[in-house]
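All values derive from a computational prediction rather than experimental measurement.
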Amino acid sequence: MKFVVVSLMVTAKVGGRRLHVCRDASPDGVSAQAQCRPRSVHVHRPRAAPCSTVSPRGSMVDVFSGRLLVSKDGRSVDPEEALQNKVVGLYFSAGWCSPCRDFTPVLCDFYTELLEESQPPAPFEVVFISSDHSAEEMLSYMHSMHGDWLALPFHDPYKHDLKKKYNITAIPKLVIVKQTGEVITDKGRKQIRDKGLSCFRNWLEGADIFQNFSS
């Protein structure tokens, strides 16, 4: 079966700036160099309200403190158990975005090779932060294309804080972070495409995590 790509580039003028939103009706990916602008639902927040923060001297447990992550099969997962002493890839993505659908299978293969085909399994985990339009779309995208990694629940407003902290203006974006939440690289997607498994060794060296690993 062949699919016909239907792409619409919508231009809106907001606050004196023109913003472009990439919407694709095709399940097929497009050029890996393309990126989509997530459509955000803006919720008014009083300025006096405290924001969730990432401690520069904390850990990934602190980054997701007080929250539960979810697995692909819907189980609730404690971040302390799942992320401790690991390099973490924060994957900002959405099923409606063609470049995301193009890269997600590549990330899935990378993840599988590191965790299932390496002995011992590499200290690596992915946390998906969704820009889908609904919880149903997020789950469909996860079940159809994702690896067995974790995700921030769709309705958790903390995803907005993470997007702001890591300056996410377009997707897909794979931000590789240390246990402190500090960025090792925000070009994880490009490095995986260019270098394959070998890029993980560089991430490991920059993450202050020591474990024998052979690519």
For [X], give me all partners under side-chain hydrogen bond (donor to acceptor under 3.5 Å, both in side chains), at least two apart in sequence or on another chain.
X      : answer
Tyr141 : Ser93, Thr104
Lys187 : none
Gln191 : Thr185, Trp203
Ser130 : Asp132

Spacing of [atom1] belonging to [X] relative to [atom2] belonging to [Y], to within rounding of 0.5 Å:
X      : Y      : atom1 : atom2 : value
Asp161 : Lys163 : CG    : NZ    : 11.0 Å
Cys100 : Tyr91  : SG    : OH    : 5.0 Å
Leu69  : Glu80  : CG    : CD    : 12.5 Å

[X] versus [Y]: any side-chain heavy-atom pair under 4.5 Å?
X      : Y      : answer
Glu205 : Arg201 : yes
Leu162 : Val175 : no
Val127 : Trp149 : no
Ile168 : Leu90  : no
Val70  : Leu68  : no
Leu150 : Ser71  : yes
Phe64  : Val77  : no
Tyr158 : Pro153 : no

*What are the two closest heavy atoms between Lys72 and Met142, and how far apart are they?*
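So the minimum-distance heavy-atom pair works out to CE-O, 3.2 Å.
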
*Quick check: are there more than 12 heavy atoms from other residues, nucleotides or ligands sitting under 6.0 Å from NZ of Lys190?*
no

*Going by the salt bridge (Lys or Arg N to Asp or Glu O under 4.0 Å) test, which pairs reach into residues 145-157, not counting sequence neighbours?*
Arg67-Asp156

*Counting only N and O atoms by type, is there a donor-acceptor contact under 3.5 Å from the side chain of Ser140 to the main-chain atoms of Glu136?*
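Not a single qualifying donor-acceptor pair exists.
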
*Are Trp96 and Leu152 connected in the hydrophobic side-chain network, where two residues link if heavy atoms are under 4.5 Å apart?*
yes

*Can you hop from Leu174 to Leu204 via hydrophobic side chains spaced under 4.5 Å?*
yes

_For Asp109, all residues meeting side chain to side chain contact (heavy atoms under 4.5 Å, CB included), sequence neighbours excluded_ =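 Partners of Asp109 by the side chain to side chain contact (heavy atoms under 4.5 Å, CB included) criterion come out as none, since no residue qualifies.
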
*Do Lys159 and Phe154 meet the cation-pi criteria used here (NZ or CZ under 6.0 Å from the six-membered ring centre, within 45° of the axis)?*
yes

*Check each of Glu116, His146, Glu125 against Tyr111 using the side chain to side chain donor-acceptor pair (under 3.5 Å) test, and report the only one that passes.*
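So the option named by the test is Glu125.
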
